[in-house]
**Q** 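Mind having a look at this structure? Questions to follow.
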Amino acid sequence: MKSRKEELEQSNASYKELLEDQFELIKNNFQDTGKKALWIGGSLLLAYGLTRLITSGTSEEGEETEEGQIIEIIPEPSSSKKMKVRKLVQNEHTEESAVVSALKHQAIVFVLGLAAKKLGSFLNELGEKEENSGS
């Protein structure tokens, strides 16, 4: 009877060791995949930020006023009386030079190319890992 108990304990230990090895393998694969996804996401965020920075108009407070928009103005800090004033905004369209426009487009193409390359390599490695684990 004791030998059966020892056999069960040995098989239990071997299954436990096998599960721990598989867990470590899955954890390492997940960490690698997470790091690559983070790099891809970061490069896409960088590309988006650069395009926003380059292509955005200059607004100091982030509020854009439209032509003929009604705004509220408080004339003096001591007075709580509000007046409605029509603010006429005339947006002058300034054209970019050809050099600035070309630089913007090249920067966007470059950053998006890097992001596409990273995404492609990530997908290739993910496919290879799936093929290896399936075999």
Side-chain angles (χ1 to χ4, degrees):
M1 186 75 171
K2 191 163 188 151
S3 64
R4 176 75 175 146
K5 184 178 179 182
E6 289 175 1
E7 288 177 18
L8 289 174
E9 287 177 356
Q10 287 176 353
S11 66
N12 185 22
S14 65
Y15 284 132
K16 183 178 179 181
E17 186 177 318
L18 184 66
L19 283 173
E20 288 175 353
D21 290 342
Q22 288 179 350
F23 180 73
E24 285 295 320
L25 181 66
I26 290 170
K27 186 173 90 171
N28 290 336
N29 286 341
F30 184 75
Q31 285 177 345
D32 292 340
T33 305
K35 287 176 186 177
K36 290 175 184 171
L38 188 62
W39 275 103
I40 291 169
S43 60
L44 288 175
L45 182 65
L46 178 65
Y48 174 73
L50 286 175
T51 55
R52 269 303 269 210
L53 181 69
I54 291 173
T55 59
S56 68
T58 57
S59 73
E60 300 208 355
E61 294 181 10
E63 294 183 15
E64 295 181 13
T65 55
E66 297 177 8
E67 189 171 335
Q69 179 181 2
I70 297 174
I71 60 171
E72 292 181 322
I73 297 177
I74 300 174
E76 296 178 6
S78 62
S79 173
S80 64
K81 189 178 194 181
K82 294 182 180 180
M83 307 192 301
K84 290 196 174 191
V85 176
R86 184 171 294 274
K87 181 178 180 181
L88 296 177
V89 179
Q90 296 176 349
N91 294 330
E92 294 182 18
H93 182 67
T94 57
E95 293 188 24
E96 301 173 337
S97 68
V99 173
V100 172
S101 178
L103 285 174
K104 282 183 186 178
H105 291 295
Q106 290 299 319
I108 291 169
V109 167
F110 176 73
V111 172
L112 289 177
L114 285 176
K117 199 181 282 188
K118 283 282 190 185
L119 184 60
S121 66
F122 169 71
L123 291 175
N124 285 337
E125 289 179 13
L126 187 62
E128 289 174 3
K129 285 182 181 178
E130 286 179 359
E131 288 177 4
N132 289 341
S133 66
S135 303

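All values derive from a computational prediction rather than experimental measurement.
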**Q** CG of L38 to NZ of K35: how many Å apart, nearest 0.5 Å?
**A**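 If we round to the nearest 0.5 Å, L38:CG and K35:NZ are 10.0 Å apart.
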**Q** Is it true that atom CD of Q31 has more than 12 heavy atoms of other residues, nucleotides or ligands lying nearer than 6.0 Å?
**A**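 Enclosed.
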**Q** Are L46 and Y48 joined in one hydrophobic group, where the rule is that I, L, V, M, F, W and Y side chains link up if heavy atoms are under 4.5 Å apart?
**A**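 No, separate clusters.
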**Q** Can you see which heavy atom on K129 is nearest to which on D32, and at what distance?
**A**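 What the structure gives for the nearest pair is NZ-CB, 3.9 Å.
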**Q** List the atom of L112, the atom of A47, and the distance in Å for their closest heavy-atom pair.
**A**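 L112 and A47 have their closest heavy atoms at CD2-CB, 4.4 Å.
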**Q** Check whether any side-chain heavy atom of L25 sits under 4.5 Å from a side-chain heavy atom of D21, and report yes or no.
**A**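 No, their side chains stay 4.5 Å or more apart.
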**Q** First locate atom CZ of F110, then atom CG of L114, and finally report the distance between them rounded to the nearest 0.5 Å.
**A**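 One gets 4.0 Å once the value is rounded to the nearest 0.5 Å.
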**Q** What are the two closest non-hydrogen atoms of I40 and L119, and how far apart are they?
**A**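 Reported closest heavy-atom pair: CD1-CA, 3.6 Å.
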**Q** Who passes salt bridge (Lys or Arg N to Asp or Glu O under 4.0 Å) against E24, sequence neighbours left out?
**A**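 So E24 forms a salt bridge (Lys or Arg N to Asp or Glu O under 4.0 Å) with K27.
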**Q** Test your reading of the model: is there a side-chain donor-acceptor pair from T33 to the backbone of F30, 3.5 Å cut-off?
**A**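 A pair under 3.5 Å: no.
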**Q** How would you list, by chain and number, every residue that makes a salt bridge (Lys or Arg N to Asp or Glu O under 4.0 Å) with K16, sequence neighbours excluded?
**A** none
**Q** Any link between L44 and F122 through a network of hydrophobic side chains (Ile, Leu, Val, Met, Phe, Trp, Tyr) touching at under 4.5 Å?
**A** yes
